[in-house]
Structure formats: structure tokens, C-alpha cells
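Take a look at the structure set out below.
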There are 2 protein chains.
Amino acid sequence: MNTKNMSNKVLLYEDNDLLRESISSMVVLDEGMELLGAYGHANEVEEQVKSFKPDLILMDIEMPGRSGIEATKLVKKFLPETFVLILTVFDDSENVLNAIKAGASGYLLKKYIATRLFSAVEEIMEGGAPMSPAVAKLVIQSMQKPQHTVDYGLTEREKDVLLSLSKGNSFKLIAADCKISIDTVRTHIKHIYEKLQVHCQTEAVSKAINEGLV
Amino acid sequence: MNTKNMSNKVLLYEDNDLLRESISSMVVLDEGMELLGAYGHANEVEEQVKSFKPDLILMDIEMPGRSGIEATKLVKKFLPETFVLILTVFDDSENVLNAIKAGASGYLLKKYIATRLFSAVEEIMEGGAPMSPAVAKLVIQSMQKPQHTVDYGLTEREKDVLLSLSKGNSFKLIAADCKISIDTVRTHIKHIYEKLQVHCQTEAVSKAINEGLV
DNA sequence: GGTCTAATCCCCTGATTAGGGTATTGTGAA
DNA sequence: TTCACAATACCCTAATCAGGGGATTAGACC
């Protein structure tokens, strides 16, 4: 889409006037980028994206009106091939993960803008995913199943039964699966309900899957 | 756990003799790391981890016997505070994502070992998550994708009911939740079963959660 | 206007599950 | 040797669910 000697068309959304000016200057002075527009809010992002067809958008999260995360969703909806680099002071897990789920290709904390903006842009345009170490850690943690959040004290056999249950098996099938009688299955199930503090299959399955017990 | 002037205790698993020797040398010669052991397979990883209590494990994926991904799961099970850095030639999405889900803290392609091993180790020990740009991209893509894998043609109302069911609600509670009669719930449930090709609640909930329908 | 579908509601019957017991065996800890 | 507990198995009753009907209303589409 972009060759090395073509400059990348860039849009900037940042509500802080000073910062917007400063980033604008950086972009304008860089020969690899061409600034198409810089806005203090993202309320007209849909029209702007459609008319400018940028290659890259630098997006703040906290802006008056529509948030950068909402704006990112819209951008990816109407021009999916556009890259979005989030520029923000927030590095809490909620914002980071939501931005990435919304379709952002990279996440740069504002304190690193001066030193790393150009390398981040370069990385993004080459198909990479620039992230500060702290952000990368958050992303990885979100994928690692919360293994030892709570220990419900399930025995091995109870875990077997719960696993079979979570696959959608009836008591009858669980009995066959575990090679025990259906009454024993019932006994295990009762203990599982007590330990998980639930009162029916669906609750147990939901809890088992969502808390990584299976 | 580790202060800057304490060397980190390291275990290495790598089946290629030449590469194992070469990485061992790098680790031994670095004053920040202390090599406790280097093995060509991970079949006794459980005992080794328990007796050495390493701070960091450098783990190959493809090894005879137990894979590095299985080994990583065991390590995190018995010594959760141990960091695991995957060293591998594979950068396909399946291996990368499985390794991360298994609990790996970082992922370094072998071609980068010579130039980036020390910085990756440093980053990991500081709580970061070193990844090559290609790997970071894979991780991000995996979070952006899993929305509409399969379309079962559920109507909006059916999705509402399925969502409520997946939270562990009984038909009675779903009825209250959606403000409809229990009979209507039953009708929706019947249609959901048909469309999802399942025959009971647990199967439906399992499918809904695992395939991201809710 | 006719057809289709989503969403709502009702009934019935047989199967399954929930919640309450009790009991035996084997194992491992106190 | 007790004691606790995991794993196995059985019984009973009330509640809930599965699978089969049928029916009405409102909108969409042709």
C-alpha cells in the first residue's frame, strides 16, 4: 500500500492544544509523514476518515465528546486498512485492552512521544505493533488465564466431572465418560455446587469456563 | 524478589546441542545471570524446577518428549513466580498464542538471540514482556479477531436469552431478566438449541462462551 | 393482499436435575 | 488406631428442563 519513498498520510486527534501543536510540528517536519489534519475532538471522525483516507491516525483517548476508543472502532469500521496508534497518558488495563480490541495497532504512552514516536510509526507502517513494555505486559496478562485466582478446593475427581459437564455432557454421559455410576456423578455434582457456591449446571459451567477451572 | 546486584538463577531447555552450548556460554559469561542447569528435554522439568527454584527459564518449544508449551504450564503451576522466556524458530500464531496462554512472559525468536537475549532477559526480570514486533502483532490480532467466527443466525432476542443463560440463570430468572414469560423463554431456548445444534443448557452455554457468542 | 419471520404466550408428557438423606471402602494423617 | 476425607453407590421427592404440539401479533418483503 505504501512504498518507502511515499509519505504516509496522517490524521491527528488530540484535545490538548499545546500537545496537538507539538505533535503536529513533529509530523510536519518528518519527511516520512504528511499531516492531513489535526483535531481537538473526534466527533466528526467518520466524515474526516472517509474524505482524507489516511494511512495512519494518531489518536488520544480522553477527548471531549467521543472517546478515542469509540473513534477507533469507527475508523476500523469504515476504513479497516487504516492504522491507529493510540497516544495517551493512561496505561491502565481497561483502556489498553479496550483500545486494542477496538482495533488499535499500537499504543504509545505520551511520555515516550518525543523519543519514540517516529520509531513507533515506522514499526506500525511495517505491519508491527509498537507497545511500551508495560503495555505489552498488560496484553500478555490478559491472555493468561487467571489460573490461581480462587481455589475452590475441588478434588481431582470433581474436576474431572466438572470438565465433562462443561463440555455439555448430561449426567448419564458424564457417568460413561468417567466410568462411574450416575449416582456417583450426582454426588460429585452436589459437592461441586457446594464448593463453587452455585445451584445449577449452567452456573457451574459458566463459573468453570470463565474462571479457567477447566 | 531480586535486587539489581543479585544474579538471576536461570534454567535452560533446548534440544539442539550446539545451540544449548552456545546459549549456556552467553548466560555463564553474563554477570547478571547464574546458570543452574541446561537440558536437552523437559521431561523432568517438574522436579528440576522444584529443586532449583529458578528465577527465569529459557525454553525451547520443539523438544523430544514434552513440548516447551506443556513444560511452561507445569512450571507456572508449581512455581508461578518463575518467568519463562520462549526461545524458538516458530512464529506462527498457534505456537505463539499457546505459549503465552501457557504462562510465558516473553517470546524471542532464535534469530534474535545473539543480539537481544540480554535485553529481553532484563526486560522480563523488570516485569516486562519482551516480544519481537511480529509476535506482538500476532498477539494483538488474536485479541481483535474472535468476534464473528461463525454465524448461527441467532436473533437479537435469542442472543439476549443466551447471554442470560450463560450467566447461570434458570428459565425463571431469564424470564425476569428479559421481562417476558417463562414460556417465551422456553420457545427462544428451543430455537437456540436448533440453531446451535445442541440439546441441553450446558452444551449451549459451553458453546456460547467458548465461541465468543456472549 | 399474501407470505414470512420474530417475538410473544400457552399446554402436555416424559426425562432430567436439585437437594436432602445414608452407607461402604480405602487411604493417609494425627 | 482413630479420624477425616475422597470416591463410590443407592433412595426419595419436588422442581426444572426437553421436546412435541398450537396460537397470536406486528413488521418486513414481494
Side-chain angles (χ1 to χ4, degrees), chain A residues 147-148 150-214, chain B residues 46-47 50 77-78 147-214:
Chain A
Q147 299 292 4
H148 292 79
V150 195
D151 183 15
Y152 292 102
L154 294 176
T155 69
E156 283 308 307
R157 209 59 172 143
E158 284 161 3
K159 284 179 196 168
D160 291 344
V161 171
L162 183 55
L163 176 63
S164 188
L165 184 73
S166 299
K167 288 190 290 195
N169 291 331
S170 67
F171 289 10
K172 206 178 282 182
L173 285 175
I174 296 172
D177 207 5
C178 299
K179 302 189 202 328
I180 51 181
S181 90
I182 197 168
D183 289 290
T184 306
V185 173
R186 292 170 40 64
T187 305
H188 288 313
I189 292 275
K190 277 186 272 192
H191 293 155
I192 292 170
Y193 287 177
E194 281 169 21
K195 292 179 180 176
L196 260 54
Q197 304 232 53
V198 299
H199 307 281
C200 67
Q201 295 180 88
T202 48
E203 253 188 296
V205 170
S206 173
K207 205 157 187 170
I209 300 181
N210 287 319
E211 304 197 10
L213 301 175
V214 292
Chain B
E46 186 180 330
E47 297 76 19
K50 281 180 178 168
K77 184 174 175 187
F78 293 110
Q147 301 296 356
H148 287 79
T149 38
V150 195
D151 183 15
Y152 291 100
L154 294 176
T155 69
E156 283 309 306
R157 209 60 174 142
E158 285 161 2
K159 284 180 196 168
D160 292 344
V161 171
L162 184 54
L163 176 62
S164 188
L165 184 72
S166 300
K167 288 190 290 196
N169 290 332
S170 66
F171 288 11
K172 205 178 282 182
L173 286 175
I174 296 172
D177 206 7
C178 299
K179 303 186 200 331
I180 52 181
S181 89
I182 196 167
D183 289 290
T184 307
V185 174
R186 295 170 41 64
T187 306
H188 287 313
I189 292 276
K190 278 186 269 191
H191 293 155
I192 292 170
Y193 287 176
E194 280 169 23
K195 291 179 179 176
L196 260 53
Q197 304 234 51
V198 299
H199 302 92
C200 67
Q201 295 180 91
T202 48
E203 254 188 295
V205 170
S206 173
K207 205 157 187 169
I209 300 180
N210 286 319
E211 304 197 10
L213 301 175
V214 290

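Residue numbers begin at 1 in each chain, while the letters A, B, ... track the order of the sequences. Please read all numbers here as calculations on a predicted model, not as lab measurements.
One interatomic measurement links the two molecules: CD of E156(B) to P of dA7(C), which rounds to 8 Å at whole-angstrom precision. One can place CD1 of I182(B) at 11 Å from P of dA18(D), the figure rounded to the nearest angstrom. As rounded to whole Å, 13 Å separates atom C1' of dA6(C) from atom CG of L154(B). Distance I174(B) CD1 to dA7(C) P: 15 Å, rounded to the nearest Å. In this structure, CD1 of I192(B) is placed 11 Å from P of dA18(D), rounded to the nearest angstrom. One interatomic measurement links the two molecules: NZ of K172(A) to C1' of dA15(C), which rounds to 8 Å at whole-angstrom precision. Atom CG in N169(B) sits about 14 Å away from atom P in dT16(D), given to the nearest Å. Remark: P of dT24(C) and CD1 of I180(A) are 20 Å apart, rounded to the nearest angstrom.
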Intermediate values then yes/no, salt bridge (Lys or Arg N to Asp or Glu O under 4.0 Å), K50(B) and E46(B) = CA-CA 6 Å; K50(B) 281 180 178 168; E46(B) 186 180 330; 3.2 Å; yes

Please test I180(B) against R157(B) for side-chain contact (heavy atoms from CB on, under 4.5 Å), starting from the C-alpha separation and ending with a verdict.
-> CA-CA 11 Å; I180(B) 52 181; R157(B) 209 60 174 142; 3.6 Å; yes

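For the pair F171(A) and T187(A), nearest-nucleotide mapping onto DNA chain C gives the more 5' position to F171(A). Positionally, the nearest nucleotide of DNA chain C for R157(B) lies more toward the 5' end than for the other of K190(B) and R157(B). The nearest heavy atom of DNA chain D to H199(B) and to H191(A) marks one nucleotide each, and the one closer to the 5' end goes with H191(A).
One cannot find a donor-acceptor pair under 3.5 Å joining the base of dC10(D) and the side-chain atoms of T184(A). With hydrogens and angles left out, the side chain of R186(A) and the base of dA18(C) share a donor-acceptor pair within 3.5 Å.
OP1 or OP2 of dT8(C) sits under 4.0 Å from a side-chain N or O of H188(B). Contact annotation: S181(A) side-chain N/O to dA9(D) OP1/OP2 distance is under 4.0 Å.
Under the 3.5 Å distance criterion, with hydrogens and angles disregarded, a donor-acceptor pair is assigned to the side chains of E211(B) and Y152(B).
The nucleotide whose nearest atom lies closest to any side-chain atom of Y193(A) is, among dA9(D), dT17(C), dC10(C), dT17(C). Comparing dT16(C), dA18(C), dA18(D) by their closest approach to the side chain of C200(A) singles out dA18(C).
Using modelled atom types, one side-chain atom of S206(B) and one backbone atom of S166(A) make a donor-acceptor pair closer than 3.5 Å.
No more than 12 heavy atoms of other residues, nucleotides or ligands lie within 6.0 Å of CD in Q197(A), so this atom counts as exposed by the packing criterion.
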